[in-house]
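Heads up, the thing below is written out as structure tokens.
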Amino acid sequence: MPWNIPILLTWMRVLLIPVFTLLFYLPKGWLDPQTVNWTAVFIFAAAAVTDWFDGFLARRWKQTSDFGAFLDPVADKLMVAVALILLVSLHRTHAIFAMIIIGREITISALREWMAQMGKRGSVAVAQIGKLKTTAQMAAIMLLLAGMNDYHGLNFIFIGNILMTIAAVLTIWSMFYYLKMAWREFK
């Protein structure tokens with residue numbers, strides 16, 4: 001397993017997951033609820049930024065590796081899945097978003113693995129629609145984690161729910177896009 005800054009950044013994302021989770025299970029009264037929310041937003045934002053940054057550095061410094069290509073999406077999916085599950089524990093109405101997004105991630109991960117076994121992984125490579133989905137999803141999760149109805153005139157929960165709806169639509173759209181790309185290989 002190679003050790004370089006991009007892989008260390010990816011491992012940092014994985015290690016932030018239990019820290020992020022523990023915030024939600026601190027005994028009541030240990031921290032102000034707003035402090036917990038903003039700390040969760042900060043940790044999630046740091047994970048989102050390192051997701052972009054580690055890939056950028058790996059390509060720029062020519063430090064890409066098979067292990068990094070494996071670990072990076074695993075770290076991303078774990079962080080998002082944990083955040084979605086924690087959001088569901090706060091608001092049951094987010095369950096449909098969690099089911100759509102986590103279900104799509106499992107489906108596409110399995111599809112990519114299957115295509116890789118057939119030597120056709122490139123046919124389901126990351127597309128622009130997937131990047132848009134990820135951006136909407138990350139922004140929505142951060143706004144919903146903040147959990148504020150009024151922050152300088154902005155309703156983070158309302159905006160977060162709109163972005164999460166957009167993310168869910170893009171999630172379904174991107175899933176069908178990837179399935180269509182894979183289907184072409186079978187014709």
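The basis for the numbers below is simple: all heavy atoms, side chains too, and nothing from hydrogens, waters or symmetry mates. Keep in mind the model is a prediction, meaning the values are calculated, not measured.
- Residue Leu9 holds its CG atom at 10.5 Å from CG of Asp51, rounded to the nearest 0.5 Å.
- Taking both residues in full, the closest heavy atoms of Ala75 and Val14 are given as CB-CG2, 3.6 Å, listed atom of the first, atom of the second, then distance.
- Between the CD1 atom in Ile157 and the CG atom in Leu143 there is a gap of 10.0 Å [rounded to 0.5 Å].
- Here the side chain of Ser109 pairs no donor or acceptor atom with the backbone of Ile106 at under 3.5 angstrom.
- Few gaps surround CG on Leu90; more than 12 heavy atoms of other groups in view lie less than 6.0 Å from it.
- The aromatic rings of His94 and His91 sit perpendicular, their planes meeting at an angle over 60°, well past the 30° parallel limit.
- Ile108 and Met118 fall within the same hydrophobic cluster, defined by Ile, Leu, Val, Met, Phe, Trp and Tyr side-chain heavy atoms under 4.5 Å apart, directly or through other members.
- Annotation for Asp66: atom CG does not count as buried by contact number, only 12 or fewer foreign heavy atoms lying within 6.0 Å.
- Between Phe42 and Trp38, the ring centre distance reaches or exceeds 6.0 Å.
- Separating the CG atom in Leu84 from the CD1 atom in Ile100 is a distance of 11.0 Å, to the nearest 0.5 Å.
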>> side-chain contact (heavy atoms from CB on, under 4.5 Å), that's the test. Do Trp3 and Phe67 meet it? Break it down for me.
In response: CA-CA 10 Å; Trp3 287 100; Phe67 182 73; over 6 Å; no
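- In terms of hydrophobic clustering, with Ile, Leu, Val, Met, Phe, Trp and Tyr side chains grouped at heavy-atom distances under 4.5 Å, Val49 and Val82 are assigned to different clusters.
- The closest side-chain heavy-atom distance from Val80 to Met138 is below 4.5 Å.
- Summarising the geometry of Ala40 relative to Leu145, their closest heavy-atom pair is O-CD1, 4.1 Å, with the distance given to 0.1 Å.
- Residues Ile101 and Gln137 are in side-chain contact: their nearest non-hydrogen atoms beyond the backbone lie under 4.5 Å apart.
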> Run the side-chain contact (heavy atoms from CB on, under 4.5 Å) check on Trp11 and Leu71 step by step: do they pass?
Replying inline: CA-CA 8 Å; Trp11 275 116; Leu71 186 61; 3.5 Å; yes
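- Tracing side-chain contacts under 4.5 Å through hydrophobic residues (I, L, V, M, F, W, Y), one never reaches Leu86 starting from Leu22; they form parts of separate clusters.
- Atoms CD and CG, on Gln63 and Asn4 in that order, are 4.0 Å from each other to the nearest 0.5 Å.
- Put simply, NZ on Lys131 and OG1 on Thr135 are 9.5 Å apart, with the number rounded to the nearest 0.5 Å.
- For Phe24, the ring pair (Phe, Tyr, Trp, His ring centres under 6.0 Å) test picks out Phe20, with sequence neighbours left out.
- Linking ILVMFWY side-chain heavy atoms closer than 4.5 Å, directly or via other members, places Tyr177 and Leu179 in a single hydrophobic cluster.
- Taking every heavy atom of both residues into account, Phe97 and Ala168 meet most closely at CD2-CB, 3.9 Å.
- At least one side-chain heavy atom of Leu23 sits under 4.5 Å from a side-chain heavy atom of Ile43.
- The heavy-atom pair separating Ala182 from Leu111 by the smallest distance is CB-CD1, 3.7 Å.
- By the criterion of side-chain heavy atoms lying less than 4.5 angstrom apart, applied directly or through intervening Ile, Leu, Val, Met, Phe, Trp or Tyr residues, Leu8 is grouped together with Leu78 in one hydrophobic cluster.
- Here side chain to side chain donor-acceptor pair (under 3.5 Å) pairs that include residues 95-108, with residues two or more places apart or in two chains, are Lys77-Glu105, Arg104-Ser174, Glu105-Lys133.
- Counting heavy-atom neighbours within 6.0 Å of Trp173 CH2, excluding the residue itself, gives a total of 12 or less.
- Residue Ile7 comes nearest to Ser65 through the heavy atom pair CD1-OG, 3.6 Å, listed as atom of the first residue, atom of the second, then distance.
- Looking at heavy atoms from C-beta onward, Met12 lies in side-chain contact with Thr50 at the 4.5 angstrom threshold.
- A distance-only check finds no donor-acceptor pair linking the side chain of Asp72 to the backbone of Gly68 [under 3.5 Å].
- The residue from Arg59, Arg60, Arg13 that alone fulfils the salt bridge (Lys or Arg N to Asp or Glu O under 4.0 Å) condition with Asp54 is Arg13.
- Residues Phe44 and Ile141 meet the side-chain proximity criterion, which asks for heavy atoms closer than 4.5 Å.
- Of all the heavy atoms in Met142 and Val41, the pair that sits closest is O-CG2, 3.3 Å.
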>> Go through it in stages, so that I can follow the logic: the residues are Ile102 and Ile85, the test is side-chain contact (heavy atoms from CB on, under 4.5 Å), and I'd like the CA-CA distance, side-chain angles, deciding distance and then a yes or no.
In response: CA-CA 10 Å; Ile102 293 170; Ile85 290 166; 4.3 Å; yes
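- Applying the side-chain hydrogen bond (donor to acceptor under 3.5 Å, both in side chains) criterion to Asn37, with sequence neighbours excluded, gives no partner residue.
- Annotation: the span from Asn161 atom CG to Ile166 atom CD1 amounts to 11.0 Å, rounded to 0.5 Å.
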